[in-house]
Amino acid sequence: MEAWPGRGLDRCVILSGRNAAVYGEWRSELCQCMMPDDMSRPLIRGRGEGGGSRRLEASASEPGAPVIGILGTGDFSRSLARRLVASGYQVVVGSRTPKRSVALFPEEAEVTSQMEAASHADLLFVAVFPEHHSTLVELKPALAGKTLVDVSNALQINRDGPSNAEQLADLFPESFVVKGFNTISAWTLQVGPRDGSRQVFLCSDSHQAKSSVMQLCRRMGFVPVDMGLLSSSLEIENLPLFLFPSWRIPIICTISLFIVFYLYNFTRDVLHPYVREGKNVFYKMPIETVNVTFPSVALVMLALVYLPGLCAAFLQLWWGTKYNRFPNWLDRWLTRRKQFGLCSFLCAVLHVIYSLCLPMRKSARYKLLNAAVKQVKDGVENSWDDGDVWRMELYLSVGIMALGLLSLLAVASLPSVANTVNWREFSFVQSTLGYCALSMATLHTLLFGWDRAFNPNQYRFCLPPTFLLVLILPLAVLLGRLALFMPCVAGRLRQIRRGWERSRHIRFTLPSDDCHNGLEDVSNV
């Protein structure tokens, strides 16, 4: 007797002898008609009545693909299992309670005990918190000779060691431990790699194990980055724990400058009228004082973007060589110029928003109405002033151009944009257009000052106007840049950056018939 569970055919057909052969041919033809091509793939047996583990009847992965095991059933494990299954791998998940975890994973993944997963898998992800690594000791015989990928992270930055991966390697000396995937979040695994989250840092003492994990990374759509031996695992584990390490100094500098300029403007514009004349103008603190402070910070921060490059150039001219190391403070400053520029752009945008909101204030309406009434009382028919009109027109025009160039610099600093241009184009935007933006912003401030620097009433409490203090650093940077444009200085700096050294008396010239190697008059080498 053979049971045939057809569609709606809940009965058994009793066959014997010759009729069985005829029935077999008829059944195969009927099955081909009932099953389309896209449903004729190997099936996976569903979970049992008791919710136990599922077994793969036939692998949907590519032939010869390794079996990937995952120890652990947390959020990261579930996302990792989905990504591995989507990449065509056969996945087996090891759990302490398979019956409870089976419903959390995709149908294509097999959920079983940890021992069985360790026995059947060729490569295993250890997605278990490091404090629970000791519970896997009983799997040591099954894990011997296999690759273990440690994806754990520490709770706080560990600078002394040992790392979690090194402790796992000591716990399983017969296995090959690879540190990786700890910088990839569960969300990234679910939605797939995107731009900056594509890189996976890997390190291991076994080159073969690391190569197999790198191949797996590429197949999953990520970009593996070889970080060397397992001793680098401490650095990889600390990466996700840093909170904007390259932004700390620029943000502190921006906040410090804002506080200094705000207190300075408050003293001149709010406190001085109250002390000298008894006028209460504290209403200026939320809008006007802040609006004067933001452009000051933006211009100084933009000057700080290009000041370290000038310092490096003049140091190389002073030393007469490019092979001396810069001081540590200058090295850190040079590597954080992008963050300084973005902070400057933020302050400039906030200045524009605050400026657009100025006419919306009731205080501005009262001032405008009172000025009109006063003109009527005084009999003034025409209050047009060509000087003020031209100043304001030029002031706004140059400010708009400066903001446009700053926006271009900010967009060009994005990795997705920077990767589409070559080095010459990138340096042109960040250097040439950057100095143009600095020049426009400086001119914008000069037009704001106009002739106010020569007005004694502007020196309140014997303090100069804010724009005079703000212009010191940008003008120094622009003058330094002009000095580097001088032919004698630019030529010497170009020679130094191409390897010329003053102490070695090497002089470079263009190749000629008598000097084929590009060197002429070489002495004291």
Just by distance, do the side chain of Ser232 and the backbone of Gly228 share a donor-acceptor pair under 3.5 Å? no
Criterion side chain to side chain contact (heavy atoms under 4.5 Å, CB included) on Ser206 and Val178, from CA distance to verdict: CA-CA 8 Å; Ser206 173; Val178 179; over 6 Å; no
Quick check: does any side chain N or O of Asp160 sit under 3.5 Å from a backbone N or O of Pro162, one acting as donor and the other as acceptor? no
Taking Arg337 for the side chain and Leu334 for the main chain, is one N or O donor matched with an acceptor at less than 3.5 Å? yes
To the closest 0.5 Å, what do you measure between CD1 (Ile287) and CE (Met360)? 9.5 Å
Show the numbers, then the answer: is there a side chain to side chain contact (heavy atoms under 4.5 Å, CB included) between Leu202 and Asp226? CA-CA 5 Å; Leu202 301 174; Asp226 191 348; 5.8 Å; no
Cut-off 3.5 Å, side chains only: do Ser185 and Thr188 have a donor facing an acceptor? yes
Any side-chain heavy atom of Phe125 sitting closer than 4.5 Å to one from Leu71? no
Hey, does the side chain of Arg361 reach the backbone of Leu358 with a donor-acceptor pair shorter than 3.5 angstrom? yes
Side chains of Trp333 and Leu307, heavy atoms from C-beta outward: is any pair under 4.5 Å? yes
May I ask you to decide whether Lys146 forms a salt bridge with Glu174, counting only side-chain N to carboxylate O separations under 4.0 Å? no
Output yes when Lys210 and Asp205 qualify as a salt bridge under the 4.0 Å nitrogen-oxygen rule, no when they do not. no
Between Val349 and Leu403, is any pair of side-chain heavy atoms under 4.5 Å apart? yes
In the structure I gave you, are the side-chain heavy atoms of Val91 and Val67 within less than 4.5 Å of one another anywhere? no
Answer yes or no: is there a donor N or O on one side and an acceptor on the other, between the side chain of Asp150 and the main chain of Gly180, under 3.5 Å? no
In terms of heavy-atom contacts, Met301 and Phe340 come closest through CE-CD2, 3.2 Å
Note, Val93 side chain near Ser77 side chain (heavy atom, < 4.5 Å): no
First locate atom CD of Glu116, then atom OG of Ser113, and finally report the distance between them rounded to the nearest 0.5 Å. 5.0 Å
Do side-chain atoms of Arg336 reach the backbone of Trp247 as a donor and acceptor pair under 3.5 angstrom? no
Got more than 12 heavy atoms from elsewhere within 6.0 Å of CZ, Phe242? yes
Hey, can you tell me if Phe282 and Phe266 have their rings parallel, tilted or perpendicular (30° and 60° cut-offs)? tilted
With sequence neighbours left out, write down each residue that passes side chain to side chain donor-acceptor pair (under 3.5 Å) with Ser407, or none if nothing qualifies. none
Taking atom types as modelled, find out whether Arg497 and Gln316 have a side-chain donor-acceptor pair closer than 3.5 angstrom. yes
Checking Ser95 side chain against Thr97 main chain: does a donor-acceptor pair fall under 3.5 Å? yes
Salt bridge (Lys or Arg N to Asp or Glu O under 4.0 Å): which pairs involve residues 237-264, sequence neighbours left out? Lys179-Glu237
Distance in Å, Leu123 CG paired with Gln215 CD, rounded so as to fall on 0.5 Å steps: 10.5 Å
For a side chain to side chain contact (heavy atoms under 4.5 Å, CB included) with Val477, tell me which candidate from Val305, Leu438, Leu304 qualifies. Leu438
Looking at side-chain heavy atoms only, is the closest gap between Asn182 and Pro240 below 4.5 Å? yes
Is there a donor in the side chain of Thr293 and an acceptor in the side chain of Asn265, or the other way round, less than 3.5 Å apart? yes
Minimum heavy-atom separation for Arg219 and Gly88, please, with both atom names. NH2-O, 3.4 Å
Between Asn291 and Ser355, does any side-chain donor sit less than 3.5 Å from a side-chain acceptor? yes
State the CD-CG distance between Gln114 and Leu143, to the nearest 0.5 angstrom. 9.5 Å
Interatomic spacing from CG in Asp75 to CG in Leu189 - rounded to 0.5 Å: 11.5 Å
If we only count heavy atoms from C-beta on, is the Val200 to Ile184 side-chain gap below 4.5 Å? yes
Please indicate whether His132 has more than 12 foreign heavy atoms, meaning atoms of other residues, nucleotides or ligands, lying under 6.0 Å from its NE2. yes
Hey, would you say the Phe76 and Phe181 ring centroids sit under 6.0 Å apart? no
Where do Val177 and Ser204 land on the side chain to side chain contact (heavy atoms under 4.5 Å, CB included) test, with the steps shown first? CA-CA 6 Å; Val177 176; Ser204 176; 5.8 Å; no
What orientation do His444 and His351 show, parallel under 30°, tilted 30 to 60°, or perpendicular over 60°? perpendicular
Measure across Asp122 and Pro66 and return the closest heavy-atom pair with its distance rounded to 0.1 Å. OD2-CA, 3.5 Å
Donor-acceptor under 3.5 Å (Glu425 side chain, Asn422 main chain): yes
Looking at Tyr306, does the NZ or CZ of Arg481 lie under 6.0 angstrom from its six-membered ring centre and within 45 degrees of the ring axis? no
Where do Arg83 and Gln190 land on the side chain to side chain contact (heavy atoms under 4.5 Å, CB included) test, with the steps shown first? CA-CA 7 Å; Arg83 177 56 50 186; Gln190 288 186 13; 5.9 Å; no
Shortest non-hydrogen contact between Leu104 and Arg82, atoms and distance: O-NH2, 3.6 Å
Distance from Leu168 atom CG to Leu136 atom CG, nearest 0.5 Å? 8.0 Å
Do Leu299 and Thr442 make a side-chain contact, defined as non-hydrogen atoms from C-beta onward lying under 4.5 Å apart? yes
Does CD belonging to Glu131 count more than 12 external heavy atoms closer than 6.0 Å? yes
Test item: Tyr262 side-chain N/O and Met285 main-chain N/O as donor-acceptor pair under 3.5 Å: yes
Note: Pro130 and Ser152 closest approach over all heavy atoms is CD-CB, 3.8 Å
Taking side chain to side chain contact (heavy atoms under 4.5 Å, CB included) as the test, write out the residues that go with Ser231, two or more places apart. Glu166, Leu229
For Pro98 and Val111, which heavy atoms make the closest approach, and how far apart are they? O-CG1, 3.9 Å
Is Ser431 reaching over with its side chain to a backbone N or O of Phe428, donor-acceptor style, under 3.5 angstrom? no
